[in-house]
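Remarks on the structure that follows.
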Amino acid sequence: MIPVAEAIQIVREKTSQLDSESVPLTDALGRMLSEDIIADTDLPPFDRSQMDGYAVRAADVQNVPARLAIAGESAAGQGWHHEMHAGDAVRIMTGAPVPLGADSVQQVELTREVDEGKVVEILEPVSLGRSIVRRGNEIRAGETVLHAGEQINAAMIAVLASFGYASVRVGAQPRVAVLATGSELVAVDQKPGRDQIRDSNNYSIRAYAMLAGARVELFPLAGDEISSLKNQIAAAVERSDVLVTSGGVSMGVYDFTKAALRELGAEILFERVALRPGKPTVFARLPNGVLIFGLPGNPVSVSVTFNLFARTSLLLMQGATEPLLKEEWAVLARGLKGSPDRESYLPAKLTTNDQGHLLAEALKWGGSSDFVAFAQATALIILPAGVKALEEGARVKVVRLPR
Ligand code: AMP
Ligand code: MG
């Protein structure tokens with residue numbers, strides 16, 4: 001049995017980054033940047049007004065009301081490109097360039113036009129520079145604004161658009177094959193017979209793999225018979241980078257996943273992790289380089305082990321610089337028991353209390369097969385191996401589950 005951190009380290013070492021590809025900006029959401037993004041213009045590109053109002057010289061409006069002659073108008077997209085003289089004002093709109101000679105903008109609410117729009121009365125003084133964002137104040141041309149290895153979110157799409165990235169280089173999506181083993185399984189559209197259950201792992205693995213940026217193909221359910229399992233694994237890895245199986249890795253008489261992998265020439269990189277749930281998780285590599293995550297069959301173990309190991313690998317394949325679930329501190333809402341020899345990842349709900357502290361409340365659940373209770377989990381509480389029990393109020397590390 002190896003510690004979780006060591007297992008993750010092995011996954012990191014054995015994963016190689018895939019090529020990058022160029023995608024249109026409209027397809028870039030959720031993809032991993034594989035180039036640094038450089039500003040090609042200053043932002044703002046000119047001294048910009050933040051308000052609708054009048055561009056003025058602050059010194060002209062210290063004694064109010066101040067009467068200024070309206071020399072022109074600067075609108076967004078259509079500036080007034082002359083020099084503004086002392087005693088003058090220029091009517092200006094939000095987003096419009098501030099004319100040369102003006103040093104401040106007074107907002108329209110504190111002004112009044114008179115003399116048929118020839119004169120404006122400024123009703124309140126302005127401080128120098130008021131409501132002007134100077135050219136290059138946000139970003140200067142040539143600066144790196146986003147970095148390779150960051151996952152593109154909706155806010156970053158605006159950054160890419162602003163700097164002219166009609167297309168952008170991203171990591172190729174890993175192709176993931178998903179294969180559930182177990183003679184008790186029937187397809188989702190079947191009524192389970194006696195002793196049978198519907199397969200859910202294929203679908204949850206597919207969902208988690210998609211959240212990790214992969215392209216996923218589901219393969220027909222495999223039973224617990226070694227030779228057909230072998231054939232189905234061989235078929236599933238033909239056009240994929242990663243295979244994720246579920247079930248058949250425990251100590252039962254019909255647990256054949258590892259045997260089938262060995263017969264296919266796979267190198268087993270680890271097969272027992274000091275993890276609760278998820279001890280029998282297998283990580284292997286086939287001679288053709290395809291990585292295999294053999295997850296235990298229990299649906300909750302699937303979620304924990306997928307997100308600790310397979311997710312890390314899939315993000316690294318795309319070039320992620322932060323492939324691990326981010327750890328945060330929280331306070332236990334209820335006491336918890338640990339395990340003497342395994343690190344625990346316990347399903348929990350996160351809330352905040354009146355002091356603004358993050359609270360983690362372990363789910364009341366029936367163990368690693370209770371996927372109905374698990375559907376309410378938003379995070380996992382991490383208890384180090386050897387911690388016997390923790391009281392309510394203890395500080396614990398948590399990771400949020402991808403959702
Ligand atoms: P195993 O790891 O094959 O011993 O399976 C452990 C438990 O998970 C058993 O109760 C299985 O019935 C259940 N299980 C295995 N595969 C699936 C699946 N694809 N969907 C739902 N439950 C499963
Ligand atoms: Mg099984």
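Note that the numbering runs from 1 along the sequence shown for the chain. Note that ligands are numbered from 1 as they come in the structure, with each ligand's atoms numbered from 1 the same way.
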Tell me: protein heavy atom nearest [atom], and distance?
| atom | value |
| --- | --- |
| atom 11 (C) of ligand 1 | Glu184 OE2, 3.0 Å |
| atom 16 (N) of ligand 1 | Asn201 ND2, 3.4 Å |
| atom 21 (C) of ligand 1 | Ser200 OG, 3.4 Å |

- prompt: Quick one: are Arg342 and Leu275 in side-chain contact, heavy atoms under 4.5 Å?
  reply: no

Using a strict cut-off of 4.0 Å, indicate which atoms of ligand 1 neighbour a heavy atom of [X].
| X | answer |
| --- | --- |
| Ile197 | 12 (O), 21 (C), 22 (N), 23 (C) |
| Asp199 | 18 (C), 19 (N), 20 (N) |
| Ala180 | 19 (N) |
| Gly248 | 1 (P), 2 (O), 3 (O) |

task: Please determine if Gly297 has a nitrogen or oxygen closer than 3.5 Å to a nitrogen or oxygen of ligand 1.
output: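 Yes, at least one N or O pair falls under 3.5 Å.
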
Establish, from distance only, whether the side-chain atoms of [X] and [Y] form a donor-acceptor pair under 3.5 Å.
| X | Y | result |
| --- | --- | --- |
| Tyr208 | Ser303 | yes |
| Asp52 | Thr94 | yes |
| Arg276 | Ser344 | yes |
| Glu225 | Ser227 | yes |

- prompt: Judged by non-hydrogen atoms, does Gly252 sit under 4.0 Å from ligand 1?
  reply: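 Judged by the 4.0 Å heavy-atom criterion, Gly252 does not count as contacting ligand 1.
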
Testing the basics here: between [X] and [Y], what is the closest heavy-atom pair and its distance to 0.1 Å?
| X | Y | result |
| --- | --- | --- |
| Leu332 | Glu391 | CD1-O, 3.8 Å |
| Leu346 | Lys337 | CD1-O, 4.2 Å |
| Leu308 | Ile8 | O-CG1, 4.0 Å |

message: If we set the cut-off at 4.0 Å for heavy atoms, which region of Leu185 has an atom near ligand 1: side chain, backbone, both, or neither?
response: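 Leu185 to ligand 1: side-chain contact only, backbone stays beyond 4.0 Å.
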
- line: Candidates Thr257, Thr181, Asn298, Val302; heavy atom nearest atom 10 (O) of ligand 1 found on Asn298

